[in-house]
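Report on one structure; see the data block that follows.
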Amino acid sequence: PALEQPPGPYADLRPTEDQRRAIEAIEGLISGGRFATCLLHGVTGSGKTEVYLKSIEAAVGRGRRALYLVPEIGLTPLLARRMRARFGEVLALLHSRLSEGERYDEWRRVREGRARVVLGARSAVFAPIADLGLVVVDEEHDPSYKQDEYPRYHGRDLAIVRGKMAGAVVVLGSATPSMESYYQAKRGRHRLMEMPERIGGAGLPPVEK
């Protein structure tokens, strides 16, 4: 697609302790083969994206497929290059900046099962993915997931519905979770996973009242 650049080399990074715990927890849920929801509450710079990608690898390694939602189309090209280096031609992109022909080609690859990983913005939640094993909703608090025009829907909430229908694991991620998701995690409806430290020990900026 037009928005992509050639992928750079993929380097397998050693996860931090927080990342390792989150990855192992999600992989355990995927191996269970049942619907589950998680809230990954990680500060900016804690490495949530690597947790998502390792979890996608785990789902694909078990013969399942994965959907990765991001709130803004502008985030897609950079992430697409990183994921193309990781997953190669099994990755499909679905977002509104593709031409009609490109969108059709990607949709057909997903429909025919040639794409095992789908990356896209809000509307990608409707992608015809069979045997879905993992759904990632990055920046789950972002209002861009709400479709204000008809048909109105919330991408995050539909992602959970899709996960339930498919028996998939749904990971909601954010540095600043929405009030409703955090409340549900505290009630035990979502499994809460915390990543409070930045990679490399970098501190958070000071806050003054």
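Side chains are part of it too, since the values below use all heavy atoms of this structure and drop only hydrogens, waters and symmetry mates.
Taking both residues in full, the closest heavy atoms of E149 and Q147 are given as O-CG, 3.2 Å, listed atom of the first, atom of the second, then distance. Heavy-atom minimum distance, A115 versus A92: CB-CB, 3.6 Å. Residues G47 and I199 approach most closely at CA-CD1, 3.8 Å, considering heavy atoms. Residues G113 and R65 share a closest heavy-atom pair of O-NH2, 3.1 Å. Minimum heavy-atom separation, R191 to A25: NH2-CB, 3.7 Å. Residues A80 and L91 come closest through the heavy atom pair O-CD2, 3.9 Å.
Taking the side-chain contact (heavy atoms from CB on, under 4.5 Å) definition, one finds that L192 meets it with L39, H41, Y182, A185, K186, E194, sequence neighbours left out. Under the side-chain contact (heavy atoms from CB on, under 4.5 Å) criterion, A130 pairs with no residue at all, not counting sequence neighbours.
No continuous path of hydrophobic side-chain contacts links V136 to L172 [ILVMFWY only; heavy atoms under 4.5 Å]. Cluster membership check: M193 shares its hydrophobic cluster with V169, using side-chain heavy-atom separations under 4.5 Å among Ile, Leu, Val, Met, Phe, Trp and Tyr. Taken together through direct or relayed side-chain contacts under 4.5 Å among Ile, Leu, Val, Met, Phe, Trp and Tyr, V70 and Y153 form parts of separate hydrophobic clusters. Cluster annotation: V110 and L93 are assigned to distinct hydrophobic clusters (Ile/Leu/Val/Met/Phe/Trp/Tyr, side-chain heavy-atom contacts under 4.5 Å, transitive). In the hydrophobic clustering of ILVMFWY residues, with side-chain heavy atoms under 4.5 Å counting as a link, V60 and M83 come out together.
Within the 3.5 Å criterion, the main-chain N or O of T44 finds a donor-acceptor partner in the side chain of R198. The closest donor-acceptor contact from the side chain of S46 to the backbone of V43 lies under 3.5 Å.
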*For L29 and C38, run side-chain contact (heavy atoms from CB on, under 4.5 Å): C-alpha distance rounded to whole Å, both residues' side-chain angles, the deciding distance at 0.1 Å, then the answer.*
CA-CA 10 Å; L29 293 172; C38 310; 3.3 Å; yes
*For the pair I56 and R86, evaluate side-chain contact (heavy atoms from CB on, under 4.5 Å) and give the outcome as yes or no after the intermediate values.*
CA-CA 10 Å; I56 290 171; R86 192 86 160 236; over 6 Å; no
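Interatomic distance, L119 CG to L79 CG, rounded to the nearest 0.5 Å: 5.0 Å. The CD atom of E50 lies 6.0 Å from the CD atom of Q19; values are rounded to the nearest 0.5 Å. To the nearest 0.5 angstrom, L69 atom CG is 12.5 Å from E139 atom CD. Atom CZ of R109 is separated from atom OH of Y104 by 13.5 Å, given to the nearest 0.5 angstrom. Of the inter-residue distances, the one linking L40 atom CG with K48 atom NZ reads 7.0 Å to the nearest 0.5 angstrom. A distance of 10.5 Å separates CD of E197 from CE of M195, quoted to the nearest 0.5 Å.
Shown here is E100, whose CD atom has no more than 12 heavy atoms of other residues, nucleotides or ligands within 6.0 Å. The 12-atom threshold is not exceeded at CZ of R189, counting heavy atoms of other residues, nucleotides or ligands nearer than 6.0 Å. The local environment of CZ in F126 is crowded, with over 12 non-hydrogen atoms from other residues, nucleotides or ligands closer than 6.0 Å. By the 6.0 Å contact criterion, CZ on R20 is enclosed, its count of non-hydrogen atoms from other residues, nucleotides or ligands being greater than 12.
Sorted by first and then second residue, the pairs that involve residues 167-181 and meet salt bridge (Lys or Arg N to Asp or Glu O under 4.0 Å), not counting sequence neighbours, are R156-E180. For residues 37-46, the set of pairs meeting the salt bridge (Lys or Arg N to Asp or Glu O under 4.0 Å) definition, not counting sequence neighbours, is empty. Residue pairs meeting the ring pair (Phe, Tyr, Trp, His ring centres under 6.0 Å) criterion with at least one partner in residues 43-91, sequence neighbours excluded, are Y52-Y68.
Proximity of Y183 to P177: side-chain heavy atoms (C-beta onward) are nowhere separated by under 4.5 Å. Looking only at side-chain heavy atoms (C-beta outward), R162 and V125 come within less than 4.5 Å of each other. In this structure the side chain of D18 reaches within 4.5 angstrom of the side chain of P196, judged on heavy atoms.
With respect to K54 and E27, no salt bridge is recorded, no charged nitrogen being found less than 4.0 Å from a carboxylate O. R103 and E106 are not joined by a salt bridge, as no carboxylate oxygen comes within less than 4.0 angstrom of a charged side-chain nitrogen.
Residue V161 is found in a hydrophobic cluster whose other members, listed by chain and number, are M165; membership requires side-chain heavy atoms under 4.5 Å apart, directly or through intermediates.
Tested against V170 for a side-chain contact (heavy atoms from CB on, under 4.5 Å), the candidates T37, L134, L67 yield a single pass: T37.
Judged purely by distance below 3.5 Å, without hydrogens or angles, the side chains of D142 and S144 pair a donor atom with an acceptor atom.
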